[in-house]
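For ligands, and for the atoms within them, numbers begin at 1 and follow the listed sequence. Throughout, residue positions are numbered sequentially from 1 according to the sequence presented. Atom set for the values below is all heavy atoms of this structure, side chains included, hydrogens, waters and symmetry mates excluded.
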Amino acid sequence: MYSEKVMDHFQNPRNMGEIEDASGVGTVGNAKCGDIMRIYLDIDENQIIRDVKFKTFGCGAAVATSSMATELVKGKKIQEAMQITNRAVAEALDGLPPVKMHCSLLAEEAIHAALWDYAQKHDITIEGLQKPKSDIHEGEEEEAEAY
Ligand code: FES
């Protein structure tokens, strides 16, 4: 059911933990399954994501997608990180079962929420970034269909 990469990131998650005095922190949940994900970003003065950590209270796919998402955004500029969609995260994991696509959405939204927090704290606008939802359950069907 799961690719080897999903199993690897689930069993050996990268960047798990938290960052003290993070530049931005984002937490999102999915009320339907009850899973919660939190992302911490350390962003330098050139708007490069120097470090990223996550904490996920959720299913195996949520842990694997958090882990992969942190790997994908680490070292990237904010605008590059904005381009990383849940679909890109799922593809980097060699795919997810359709019923588990919403788990990857949690990772995308948590990164956006952390970027939003950073933007608020620094009084800047990040192009294309909208105020995150704290619960991604709404709109989930549309996203699943889009994939
Ligand atoms: Fe909820 Fe995976 S089942 S995030």
Side-chain angles (χ1 to χ4, degrees), residues 1-43 47-121 126-147:
M1 178 172 176
Y2 289 117
S3 72
E4 273 177 33
K5 275 197 191 161
V6 172
M7 291 311 291
D8 178 31
H9 279 263
F10 169 56
Q11 281 163 342
N12 309 294
R14 325 303 198 253
N15 309 308
M16 200 159 59
E18 60 185 274
I19 297 174
E20 258 183 65
D21 302 323
S23 318
V25 182
T27 307
V28 292
N30 182 327
K32 202 171 168 192
C33 62
D35 293 349
I36 297 168
M37 191 180 292
R38 178 169 296 162
I39 296 267
Y40 301 81
L41 296 174
D42 176 17
I43 300 172
Q47 298 202 336
I48 291 173
I49 299 170
R50 203 161 31 189
D51 199 10
V52 46
K53 298 263 188 233
F54 80 90
K55 275 189 175 171
T56 292
F57 181 82
C59 74
V63 172
T65 51
S66 323
S67 169
M68 181 53 90
T70 56
E71 287 283 272
L72 292 177
V73 300
K74 203 171 187 172
K76 298 262 167 45
K77 287 202 85 154
I78 286 178
Q79 275 309 327
E80 292 172 317
M82 282 292 297
Q83 312 300 320
I84 296 167
T85 60
N86 73 307
R87 191 175 168 157
V89 174
E91 276 169 9
L93 286 166
D94 291 339
L96 282 171
V99 65
K100 286 287 171 183
M101 277 308 286
H102 78 271
C103 317
S104 62
L105 203 54
L106 210 52
E108 179 187 322
E109 291 293 325
I111 287 170
H112 287 179
L115 286 172
W116 179 266
D117 183 43
Y118 166 78
Q120 295 279 296
K121 283 180 180 155
I126 298 174
E127 212 188 311
L129 183 64
Q130 288 168 3
K131 192 171 191 303
K133 303 176 233 165
S134 54
D135 173 15
I136 64 149
H137 174 44
E138 286 166 38
E140 185 181 293
E141 267 81 330
E142 286 163 42
E143 293 284 345
E145 268 171 29
Y147 187 71

Measure the shortest side-chain to side-chain distance between His9 and Glu71 over non-hydrogen atoms and say whether it is less than 4.5 angstrom.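 Yes - at least one pair of side-chain heavy atoms lies under 4.5 Å apart.
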Would you say Glu127 and Met82 make side-chain contact, with heavy atoms under 4.5 Å? no
Any Lys/Arg nitrogen of Glu109 or Lys133 sitting under 4.0 Å from an Asp/Glu carboxylate oxygen of the other?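 No, Glu109 and Lys133 are not salt-bridged.
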Polar side-chain atom of Asp35 near backbone of Cys59 as donor-acceptor pair, under 3.5 Å: yes
Please evaluate residues Met7 and Glu4 with respect to the criterion side chain to side chain contact (heavy atoms under 4.5 Å, CB included), reporting the C-alpha separation (whole Å), side-chain torsions for both, the decisive distance (0.1 Å), and the verdict. CA-CA 5 Å; Met7 291 311 291; Glu4 273 177 33; 5.7 Å; no
Which count of protein N, O or S atoms is obtained for distances strictly below 2.8 Å from atom 1 (Fe) of ligand 1? 2
Look at ligand 1 and say whether Lys100 reaches it with a heavy atom at a distance under 4.0 Å.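 For ligand 1, residue contact (heavy atoms, under 4.0 Å) with Lys100 is present.
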Going by atom types only, do Asp94 and Ser3 share a side-chain donor-acceptor pair under 3.5 Å? no
